[in-house]
Amino acid sequence: MADPTLPRPFRSVLYIPGANQRALEKAATLDCDAIIFDLEDAVAPEEKTRARALVAEMLATVDYGHRAKIVRMNALDTEWGRADCLTYADVRPDAILVPKVSRPAHVDAVATLVPDLPLWAMMETAVVAWHAADIAAHPRIEGFVVGTNDLAKDIGARFRPDRMPLLTAMSLCLLAGKAHGRIVVDGVYNAFKDDEGLRAECNQGRDMGFDGKTLIHPAQIAIANEVFAPSAAEIEQARRQIDAYAEAERAGKGVAVVDGKIVEKLHVVAAERILARAEAIEAR
Ligand code: COA
Ligand code: MG
């Protein structure tokens, strides 16, 4: 059982189409930190009802172990959204992911139908950046997924390896989420056979502050797990920073120096966070 005082890792968050029984079974053996059981865009309209029941059955009968179980519902303005909410209020996954959230009212509406599960929001509309802070502040929100595909579609942006056209919206959602202590996960990398491109995009997301990446294929898990985990060098440096700062404090100083760089209390807080993340991954 994971230590509840440690932060739960969300390095690799794998989507599974809710109508795909084989993939739903396979997911219980994959090394991802979380699974999004998708009832929304990966499920065709004629499959919606079957997928809703199939995912409910799988969640009731399959042991997904340490993996966080998140169900992505259909939006409430579709014909399936309300039944999704009512079904999963009973089935009780770890969280419900609400698609195309643009305003806090979209979260309120789901919160009313699902009284006591954590909610996540897909941040993926052009307007959402203006409301991100209020959505992040919603007491039922636990995490954000920045939906870069829908965002690009809404904006009319082109795909670019540096994601420059999306960075403003991505950053605003990230800032809002982090300001409220929420988990914030990056969008998917569509070219699931391009490991190099995936790694570059994971590096970019990690450097921005994302907790992990949403994935579409099992082959993407290992790279996300590696990139979003603290490296051995980071762990080692964090330990030395903590030790050096403690030493400086004992000598009556508020500042230490490690590898020619200043270490203040705030660096110690960041270093402790790195160690807690490493420990949580280890404990998983
Ligand atoms: N989750 C779990 N297992 C998956 C999976 C996923 N997202 N994607 C593929 N697999 C499994 C397949 O079932 C297959 O298992 P098997 O070898 O035991 O039969 C294995 O991984 C290899 O699959 P592969 O043949 O390489 O992929 P594919 O061509 O069948 O499917 C996609 C490719 C992209 C269509 C598929 O990965 C997919 O549907 N991904 C999720 C898409 C999604 O959810 N989108 C919504 C959010 S953007
Ligand atoms: Mg979407």
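In each ligand, atom 1 is the first atom listed, and ligand 1 is the first ligand listed.
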Q: Decide, yes or no, whether a salt bridge links Glu142 with Arg182 under the criterion of side-chain N to carboxylate O below 4.0 Å.
A: no

**Q.** Carboxylate-amine/guanidinium contact Arg240 Asp259, below 4.0 Å
**A.** yes

Q) Is any NZ, NE, NH1 or NH2 atom of the basic residue among Arg11 and Asp211 found under 4.0 Å from an Asp or Glu carboxylate oxygen of the other? A) no

Q. Regarding Asp154 and Thr125, is there a side-chain donor-to-acceptor distance under 3.5 Å anywhere?
A. no

Q. With atoms numbered from 1 as shown, which atoms in ligand 1 lie under 4.0 angstrom from a non-hydrogen atom of Ile16?
A. 1 (N)

Q. Any Lys/Arg nitrogen of Arg50 or Glu47 sitting under 4.0 Å from an Asp/Glu carboxylate oxygen of the other?
A. yes

(Q) Using a 4.0 Å cut-off to any heavy atom of Ala42, which atoms of ligand 1 qualify? (A) 43 (C), 44 (O), 45 (N), 46 (C)

Q) Does the protein put a heavy atom less than 4.0 Å from atom 28 (P) of ligand 1? A) no

(Q) Is there a path of hydrophobic side-chain contacts, each under 4.5 Å between heavy atoms, that joins Leu59 and Val43? (A) no

(Q) Between the side chains of Glu25 and Arg22, is the shortest nitrogen-to-carboxylate-oxygen separation below 4.0 Å, so that they form an ion pair? (A) no

Q) Is Lys100 salt-bridged to Asp41, going by a charged N under 4.0 Å from an acidic O? A) yes

**Q.** Sub-6.0 Å ring centroid separation between Phe37 and Tyr64
**A.** yes

Q | Distance from atom 1 (N) of ligand 1 to nearest protein heavy atom, with residue and atom | A | Leu14 CD2, 3.5 Å

Q. Is the closest protein non-hydrogen atom to atom 45 (N) of ligand 1 under 4.0 Å?
A. yes

Q) Between Asp150 and Lys153, is there a salt bridge with N-O shorter than 4.0 Å? A) yes

Q. Atom 35 (C) of ligand 1: protein heavy atom closer than 4.0 Å?
A. no

Q | Protein contact of atom 26 (O) of ligand 1 - nearest heavy atom, named by residue and atom, plus distance | A | His217 NE2, 2.7 Å

Q: Quick one: look up the protein heavy atom nearest atom 19 (O) of ligand 1 and list residue, atom name and how far away it is.
A: Arg22 NE, 2.7 Å

Q: Return the residue, atom name and 0.1 Å-rounded distance of the protein heavy atom closest to atom 33 (C) of ligand 1.
A: Phe192 CZ, 3.7 Å

Q) Who's closest to atom 9 (C) of ligand 1 heavy-atom-wise, of Pro17, Ala23, Ala219, Pro218? A) Pro218

Q) Identify the closest protein heavy atom to atom 41 (C) of ligand 1: which residue and atom is it, and at what distance? A) Ile216 O, 3.3 Å

**Q.** For Phe10, the option from Phe228, Phe210, Trp120 that meets ring pair (Phe, Tyr, Trp, His ring centres under 6.0 Å)
**A.** Trp120

Q) Does Lys26, backbone or side chain, put an N or O under 3.5 Å from an N or O of ligand 1? A) yes

Q.
Could you tell me if His66 and Asp33 have a donor-acceptor pair between their side chains, going purely by distance under 3.5 Å?
A. no

**Q.** Asp38 neighbourhood, listing ligand 1 atoms whose heavy-atom distance to it stays under 4.0 Å
**A.** 46 (C)

Q) Judging by distance only, is a nitrogen or oxygen of Ala27 under 3.5 angstrom from one on ligand 1? A) no

Q) atom 6 (C) of ligand 1: which protein heavy atom is closest, and how many Å away? A) Tyr15 O, 3.7 Å

Q.
What I want to know is whether Arg72 and ligand 1 share at least one N or O pair that is separated by under 3.5 angstrom.
A. no

Q: Looking only at N, O or S atoms, find the one in Glu124 nearest to the Mg ion (ligand 2) and name it.
A: OE1

Q: Select one of side chain, backbone, both or neither to describe which atoms of Asn149 lie under 4.0 Å from any atom of ligand 1, heavy atoms only.
A: neither

Q) Do you know which N/O/S atom name in Asp150 is closest to the Mg ion (ligand 2)? A) OD2

Q: Please check if a non-hydrogen protein atom sits closer than 4.0 Å to atom 16 (P) of ligand 1.
A: yes

